[in-house]
Amino acid sequence: MKIFKPLITVLIVGIGAMLVYIVLNQAIPAAKPILESAPSNEVVKNQKEKIHFVAVGDSLTEGIGDETKRGGFVPIVTSDIEERYRLTSVEVENYGVAGERSDQILKRMKKENKILKNIASADILTLTVGGNDLMKVIQDNFFGLSIKTFQKPQAKYQKRVAEIITLMQKENQTAPIYVFGIYNPFYLNFPEITDMQKIVDNWNLATEETTKEFQNVHFIPINDLLYRGLDNEVGIDSTLDSSAEADIKSSNSSDLNIVDNNALYDQDKFHPNNLGYQLMANALRDELIQTKSEWLIKK
């Protein structure tokens with residue numbers, strides 16, 4: 001009888017552990033994917049078999065901060081639409097250059113015939129622009145910044161965005177253009193600029209107003225997605241109590257460097273990380289689905 005006691009004990013413990021696992025497995029919901037997998041049967045009548053996707057812009061198009069080194073939001077969206085609509089291929093041209101402002105992007109487009117040639121044959125065009133324009137205003141006026149400081153640069157920026165769109169549509173009158181807004185990472189690097197969220201909102205509003213002047217041009221807002229991070233997990237180190245959080249949020253001290261955002265690249269707290277690019281891809285993917293008649297259907 002003594003021989004079987006250890007065996008019985010092991011069985012009881014094992015059964016108990018299994019019951020605990022079953023209970024927890026039922027109680028804890030499975031994590032949802034950030035970018036939902038594309039359905040395999042979404043085929044549109046009279047759709048194209050191949051798509052040409054041309055991305056133009058700054059570091060967000062280049063994919064700076066993407067730890068996977070795949071190239072940011074562009075390959076994520078490419079894979080999604082290829083699978084979603086069972087395309088034979090998606091040809092991608094990425095003309096993203098880190099650090100470029102709107103004037104530099106426009107100059108590069110005019111100078112490089114290859115870019116214009118690919119724009120002319122594109123089915124989908126995307127543009128990321130504006131973050132470096134805003135940063136230049138901050139750098140040039142750092143010790144005298146106010147909301148008014150950004151008004152004239154914003155008007156000039158708005159004009160250049162219109163010129164970029166006009167140039168794209170001169171080369172290609174049928175492909176829709178998806179223009180990303182900018183987001184506010186500046187509260188991490190420049191916490192003393194307390195009006196930055198309002199400034200970013202104004203900047204995005206100017207871009208959105210510009211896109212509305214054109215047909216088949218769509219504004220993709222990403223500020224709320226990247227400013228707050230996934231599940232709104234932006235803010236103060238979780239080890240702090242609520243009173244400490246309030247003190248730090250209301251202070252302008254160097255202690256603010258503990259503020260974090262799970263959608264931004266750890267090394268610079270400015271560019272999106274892989275998660276941030278997936279959030280951008282989500283936003284673009286949703287707009288592509290809504291406007292598929294503009295790029296997927298044979299004309």
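These numbers were taken from a predicted model, which means no experiment stands behind them. Throughout, numbering of the chain's residues begins at 1 and tracks the sequence.
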**Student:** W203 vs F150 aromatic rings, parallel, tilted or perpendicular, using cut-offs 30° and 60°?
**Tutor:**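 Aromatic pair W203/F150 classed perpendicular.
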
**Student:** Using 4.0 Å as the upper bound for N to carboxylate O, is an ion pair formed by D133 and R160?
**Tutor:**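 Salt bridge flag = yes for D133 with R160.
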
**Student:** Within the distance-only criterion (no hydrogens, no angle test), does the side chain of E49 pair as donor or acceptor with the backbone N or O of L87 below 3.5 angstrom?
**Tutor:**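 No: the side chain of E49 does not pair with the backbone of L87.
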
**Student:** Under the criterion side chain to side chain contact (heavy atoms under 4.5 Å, CB included), I'd like the reasoning laid out for N216 against I177: C-alpha separation, chi angles, the key distance, then a yes or no.
**Tutor:** CA-CA 6 Å; N216 295 346; I177 304 171; over 6 Å; no

**Student:** For W295 and F53, I'd like to know if the aromatic rings sit close, meaning centre-to-centre distance below 6.0 Å.
**Tutor:**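 For W295 and F53, the ring centres are not under 6.0 Å apart.
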
**Student:** Quick one: do the H218 and Q290 side chains pair a donor with an acceptor below 3.5 Å?
**Tutor:**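 No, no side-chain donor-acceptor contact under 3.5 Å.
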
**Student:** Any side-chain donor-acceptor pair under 3.5 Å between T174 and N172?
**Tutor:**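 Yes, a side-chain donor-acceptor pair sits under 3.5 Å.
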
**Student:** Determine, step by step, whether R101 and Q104 satisfy the side chain to side chain contact (heavy atoms under 4.5 Å, CB included) criterion, reporting the C-alpha distance in whole Å, the side-chain angles of both residues, the deciding distance to 0.1 Å, and the verdict.
**Tutor:** CA-CA 5 Å; R101 302 181 306 272; Q104 295 168 316; 3.7 Å; yes

**Student:** Just verifying a value: how many Å separate N202 CG and Q154 CD, rounded to the nearest 0.5 Å?
**Tutor:**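 One gets 5.5 Å once the value is rounded to the nearest 0.5 Å.
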
**Student:** Is the side chain of Y95 donor-acceptor paired with the backbone N or O of R108 at a distance under 3.5 Å, no angle test?
**Tutor:**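 Side chain of Y95 to backbone of R108, a donor-acceptor pair under 3.5 Å: no, none is there.
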
**Student:** Looking only at heavy atoms, what is the nearest atom pair of E209 and Q158, with distance?
**Tutor:**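 E209 and Q158 have their closest heavy atoms at OE1-NE2, 3.7 Å.
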
**Student:** Does the gap between the ring centers of F180 and F73 come in under 6.0 Å?
**Tutor:**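 Ring centres of F73 and F180 closer than 6.0 Å.
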
**Student:** With a sphere of 6.0 Å drawn around CD of E213, does it hold more than 12 non-hydrogen atoms of other residues, nucleotides or ligands?
**Tutor:**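 More than 12 heavy atoms, drawn from other residues, nucleotides or ligands, come within 6.0 Å of this atom.
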
**Student:** Please evaluate residues M168 and I165 with respect to the criterion side chain to side chain contact (heavy atoms under 4.5 Å, CB included), reporting the C-alpha separation (whole Å), side-chain torsions for both, the decisive distance (0.1 Å), and the verdict.
**Tutor:** CA-CA 5 Å; M168 284 182 166; I165 294 172; 5.5 Å; no

**Student:** Do you see a donor-acceptor pair shorter than 3.5 Å between the side chains of Y183 and N204?
**Tutor:**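 No.
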
**Student:** Would you say the side chain of E163 lies within less than 4.5 Å of the side chain of T166, judging by non-hydrogen atoms?
**Tutor:**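 Of all side-chain heavy-atom pairs linking E163 with T166, none is under 4.5 Å.
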
**Student:** Do you know which two heavy atoms are closest between S89 and E82, and how far apart they sit?
**Tutor:**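 Nearest heavy atoms, S89 then E82: CA-OE2, 3.7 Å.
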
**Student:** In the single-linkage hydrophobic clustering (I, L, V, M, F, W, Y; side-chain heavy atoms under 4.5 Å), do L60 and F219 co-cluster?
**Tutor:**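 No: no chain of side-chain contacts under 4.5 Å links L60 to F219.
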
**Student:** Taking atom types as modelled, is there a side-chain donor on T149 or S146 under 3.5 Å from an acceptor on the other?
**Tutor:**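 Yes.
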
**Student:** Check I105, N94, V97 against V56 for a side chain to side chain contact (heavy atoms under 4.5 Å, CB included) and give me the one that passes.
**Tutor:**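 One option only clears the test, and that one is I105.
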
